[in-house]
Protein chains: 2
Amino acid sequence: MDRRRSIRAKSGTNLGGASAHNRRIMIDALRVNGALSRADLARATGLTPQAVSNIIEELALDGLVRSQASVRRGRGQPATPYQLVAEGAFAIGLQIDRHVTRTVIVNLVGDVLIQMEAKLPPGGPTQGVVVILDLIRKARKALAAQAPEAEKRLVGLGVAMPGPFGINTLYDDPWMMTAWQNFPLIDRIAEGTGLEVALQNDAAAAATAERLLGAAHGLDHAICIYFGYGLGTGLILNGELYGGAHSNAGEIGMILALVPGDGLDVEPLEHYASMAALCKLLNLDPSEPELFGQVTDALMHGGPKLDEWIGNVAQRLRRTVQALESIFDPQTIILCGGAPRTLIDRLVAEIQPLLPSIADRASRYPEARLQAGLADPWSVALGAAAEPIARTFDPRFSAILKTA
Amino acid sequence: MDRRRSIRAKSGTNLGGASAHNRRIMIDALRVNGALSRADLARATGLTPQAVSNIIEELALDGLVRSQASVRRGRGQPATPYQLVAEGAFAIGLQIDRHVTRTVIVNLVGDVLIQMEAKLPPGGPTQGVVVILDLIRKARKALAAQAPEAEKRLVGLGVAMPGPFGINTLYDDPWMMTAWQNFPLIDRIAEGTGLEVALQNDAAAAATAERLLGAAHGLDHAICIYFGYGLGTGLILNGELYGGAHSNAGEIGMILALVPGDGLDVEPLEHYASMAALCKLLNLDPSEPELFGQVTDALMHGGPKLDEWIGNVAQRLRRTVQALESIFDPQTIILCGGAPRTLIDRLVAEIQPLLPSIADRASRYPEARLQAGLADPWSVALGAAAEPIARTFDPRFSAILKTA
DNA sequence: ACAAATAAGTCAAGTGAATTGATTTAATAA
DNA sequence: TTATTAAATCAATTCACTTGACTTATTTGT
């Protein structure tokens with residue numbers, strides 16, 4: 001028996017922590033609002049103009065912000081707005097999907113500089129990691145050719161892959177990537193690249209992408225339904241991605257829903273509502289590179305089987321949207337995915353009219369209750385890349401932490 | 001057109017903010033872990049022993065912590081543990097229900113000192129506020145008689161009432177308290193009492209109570225299903241109560257669920273699963289003071305109608321629990337409520353066995369997936385009282401805020 | 001054209017909570 | 001009896017933010 005209990009407590013903070021927090025606040029404010037003057041920042045953050053001035057000066061020295069031409073805004077001295085420097089930081093995103101892996105390198109403002117993909121060999125993670133590390137090496141080489149300074153400013157590597165993590169297989173499911181999920185992937189990639197590596201599930205990554213440069217930009221409460229090979233959600237709560245106790249929050253594909261008309265039988269939602277289900281229905285090969293085009297073709301062509309499926313999925317998602325609104329009271333819900341734009345748009349249209357819910361308020365904010373988000377095979381990799389940037393520059397991650 | 005856009009940014013922080021944060025960290029650590037020595041606190045918070053020493057000294061001076069007898073723990077100088085002083089702070093909780101209002105006064109550690117209720121006149125809020133203010137006045141008088149120092153240490157008043165707030169009535173519902181929800185209640189109570197007043201819905205208050213001294217004590221990720229007159233949830237995410245964009249998060253009673261066997265008809269969950277539904281079924285008067293006893297009697301007695309209802313509700317809640325687990329990945333789910341203990345326990349039992357979900361992991365944490373929480377007509381008022389204490393002493397509320 | 005008003009931004013000194021490093025106190029272990 | 005370990009304090013230092021006075025640049029009003 002050990003005398004010393006393990007003590008649960010949050011971290012204290014100090015001057016350095018406060019300072020780091022304030023720097024991140026500034027960067028976040030510039031990201032959300034575009035260019036702002038020092039005076040603007042002082043008003044918005046509640047800090048004194050002097051403090052803001054010092055911080056901005058330092059950020060400029062670090063190459064993270066840059067002044068624009070001064071603008072006259074009525075009386076008084078003209079303001080000098082500052083904007084983020086796109087080349088101030090870079091990050092790598094890596095998506096590991098069932099059959100392919102994609103990598104993306106973005107800069108501080110989310111521009112995609114490099115974009116590469118590779119087929120994953122069927123041998124599982126042991127062989128897969130070799131392919132992955134090779135792909136990352138190539139991407140970094142391409143980056144170096146394009147922006148020689150960038151390598152020094154790489155802040156990390158984000159990995160996104162299908163969840164859930166650390167779970168006993170619930171139902172026998174060829175889509176789940178059990179071997180990958182039990183492999184020490186992060187350590188191996190960190191070793192192989194020398195970068196800080198973090199892992200999240202694909203829906204969370206898609207939500208991060210929406211927040212950085214999609215429909216959730218600047219929103220603090222948004223739910224992103226990720227319609228891809230599986231079905232999940234990325235939860236943006238209080239301006240932060242919520243992961244739950246074990247980083248598996250948002251796995252709505254695993255919700256057991258009643259099968260209509262079939263008594264009390266239940267089935268996981270993603271058995272209907274997912275690209276995997278659609279591929280099965282249309283007899284398409286999910287590893288086919290031209291999959292998106294094939295699906296789009298099928299949608300144009302139509303057909304009773306497809307129409308029935310869409311109606312079925314839309315009806316289920318309609319109730320899902322209503323449930324998510326009731327549970328989260330968000331500003332908006334975004335349907336995005338690793339699925340063709342045509343399909344996402346069709347689904348958003350078919351889900352209408354939405355069911356009544358608490359989101360149906362008179363003083364409705366500008367955002368629609370449900371909107372389409374990014375629909376692109378690259379959006380997960382993009383979101384994965386956004387994660388290290390968020391970690392490095394997002395105030396939420398640091399407010400409570402000491403800076404050693 | 002106004003030139004100056006409204007700028008969205010988080011607040012900066014300064015020395016005072018860091019200091020306030022650290023004070024709250026200490027109090028929070030003592031609340032969760034019981035008595036701790038300064039050295040323990042230093043290790044747990046990451047602050048230096050010196051910093052902790054100073055903070056604890058100040059807290060002791062403020063009458064918020066008190067030293068215990070020193071304890072020998074092996075080699076080295078014996079440690080002096082510090083504990084929270086129960087009389088260090090007081091708060092008032094107020095529950096406004098359909099037919100009654102209840103008030104409770106608690107101290108810093110959540111002991112109930114005063115407990116009073118009054119019937120609400122049917123005339124709506126205009127007359128109701130008079131009753132409420134009178135009830136609070138009486139409660140404060142009783143407190144003054146019992147603890148003369150307490151009045152000076154009142155940190156605020158929390159109000160809990162059924163939500164949702166600011167919504168157009170969705171379905172015609174005699175249980176909704178529209179008149180109350182559109183009344184400037186907080187302002188009137190703040191005026192009448194001279195205290196800081198905050199409003200939350202009853203499920204959120206129940207969750208706060210669970211966190212302060214119930215099954216969610218010390219947990220950072222827990223979902224409290226509140227089974228009362230209506231049905232709702234209090235969401236404890238990252239150790240903090242989550243309210244959503246408009247403080248209406250958690251309204252699961254409004255989720256439209258399929259009516260089994262009836263094609264695609266949907267109905268709000270709380271039309272089945274709530275005390276209101278049960279009262280309707282058993283022809284009981286919900287305003288009856290002896291309601292809990294009556295329900296308990298009925299449960300003992302049994303009967304096919306009641307058994308069917310319980311089975312029905314349990315089956316729905318079973319799926320609800322599975323859905324909440326999939327969505328939130330919490331440490332535990334707690335079924336609590338403004339309902340008799342007998343009913344809550346019966347439901348928890350009937351909901352078993354739980355459906356498979358991501359919470360069904362091999363390395364299951366000590367908490368059960370589903371457990372019974374507080375079941376007591378006073379728990380909402382208690383939670384309402386806990387809110388001002390949390391606001392005043394919980395680190396989360398202040399980490400980001402300046403202290404003027 | 002000139003003063004007054006307004007706003008952005010800087011300078012220089014002051015503040016205060018935490019850190020650093022040395023020291024004291026009190027127990028167990030050898 | 002001495003060494004070791006741990007809790008807690010003392011005194012000096014640090015550093016990011018605040019304070020208050022000041023400079024600069026523009027518009028407004030006469």
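The chains referred to below are lettered A, B, ... by the order of the sequence lines, with proteins before strands, and numbering in each begins at 1. Atom set for the values below is all heavy atoms of this structure, side chains included, hydrogens, waters and symmetry mates excluded.
- Here the rule is side-chain hydrogen bond (donor to acceptor under 3.5 Å, both in side chains) with Y82(A), and of R66(A), Q68(A), R38(A) only R38(A) fits it.
- Using a 4.0 Å heavy-atom distance criterion, S70(B) is classed as making no nucleic acid contact.
- Rounding to whole angstrom units, CD of residue E57(B) and C1' of dC10(D) are separated by 12 Å.
- No side-chain donor from either of N54(B) and E58(B) sits under 3.5 Å from a side-chain acceptor of the other.
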Run the numbers on L241(A) and I236(A) for side chain to side chain contact (heavy atoms under 4.5 Å, CB included), then give the verdict. CA-CA 5 Å; L241(A) 206 71; I236(A) 296 170; 4.1 Å; yes
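- Of the candidate nucleotides dA8(D), dG9(C), dT19(C), dT19(C) has the atom lying nearest to any side-chain atom of A51(B).
- Side-chain N/O atoms of N14(A) include one lying less than 4.0 angstrom from OP1 or OP2 on dT19(C).
- Distance, Q77(B) CD to dT23(C) P: 17 Å, rounded to whole Å.
- Regarding contacts with the backbone of dT10(C), a side-chain N or O of R38(A) is found under 4.0 angstrom from either OP1 or OP2.
- R72(A) has its CZ atom 15 Å from the C1' atom of dT28(D), to the nearest Å.
- Nearer to the 5' terminus of DNA chain D, by closest-nucleotide assignment, is the contact made by R75(B) (compared with the other of R75(B) and Y82(B)).
- Between G76(A) and E58(B), the residue whose closest nucleotide on DNA chain C is further toward the 5' end is G76(A).
- For the pair R73(B) CZ and dT4(D) C1', the interatomic distance rounds to 18 Å; values are reported in whole Å.
- Distance, I55(B) CD1 to dA18(C) P: 4 Å, rounded to whole Å.
- Under the 3.5 Å distance criterion, with hydrogens and angles disregarded, a donor-acceptor pair is assigned to the side chains of D40(A) and S37(A).
- Aromatic ring pairs are classed by plane angle as parallel below 30°, tilted from 30° to 60° and perpendicular above 60°; the pair F328(A) and Y242(B) is perpendicular.
- Checking the phosphate oxygens (OP1, OP2) of dA7(D), a side-chain nitrogen or oxygen of R43(B) falls inside 4.0 Å.
- Per the geometry, CG belonging to D40(A) stands 13 Å off C1' belonging to dG9(C), to the nearest Å.
- As a whole-Å value, the separation of I56(B) CD1 from dA7(D) C1' is 14 Å.
- Using a 4.0 Å heavy-atom distance criterion, N22(B) is classed as a sugar-phosphate-only contact.
- When the side-chain nitrogen and oxygen atoms of S37(B) are compared with OP1 and OP2 of dA7(D), none of them lie within a distance under 4.0 Å.
- Distance, N54(B) CG to dA8(D) C1': 11 Å, rounded to whole Å.
- Contact annotation: S19(A) does not reach the phosphate of dA16(D) (side-chain N/O to OP1 or OP2, under 4.0 Å).
- Closest to the L15(B) side chain, of the nucleotides dT28(C), dC10(D), dA17(C), is dA17(C).
- Residue S53(B) has no polar side-chain atom (N or O) positioned under 4.0 Å from OP1 or OP2 of dA7(D).
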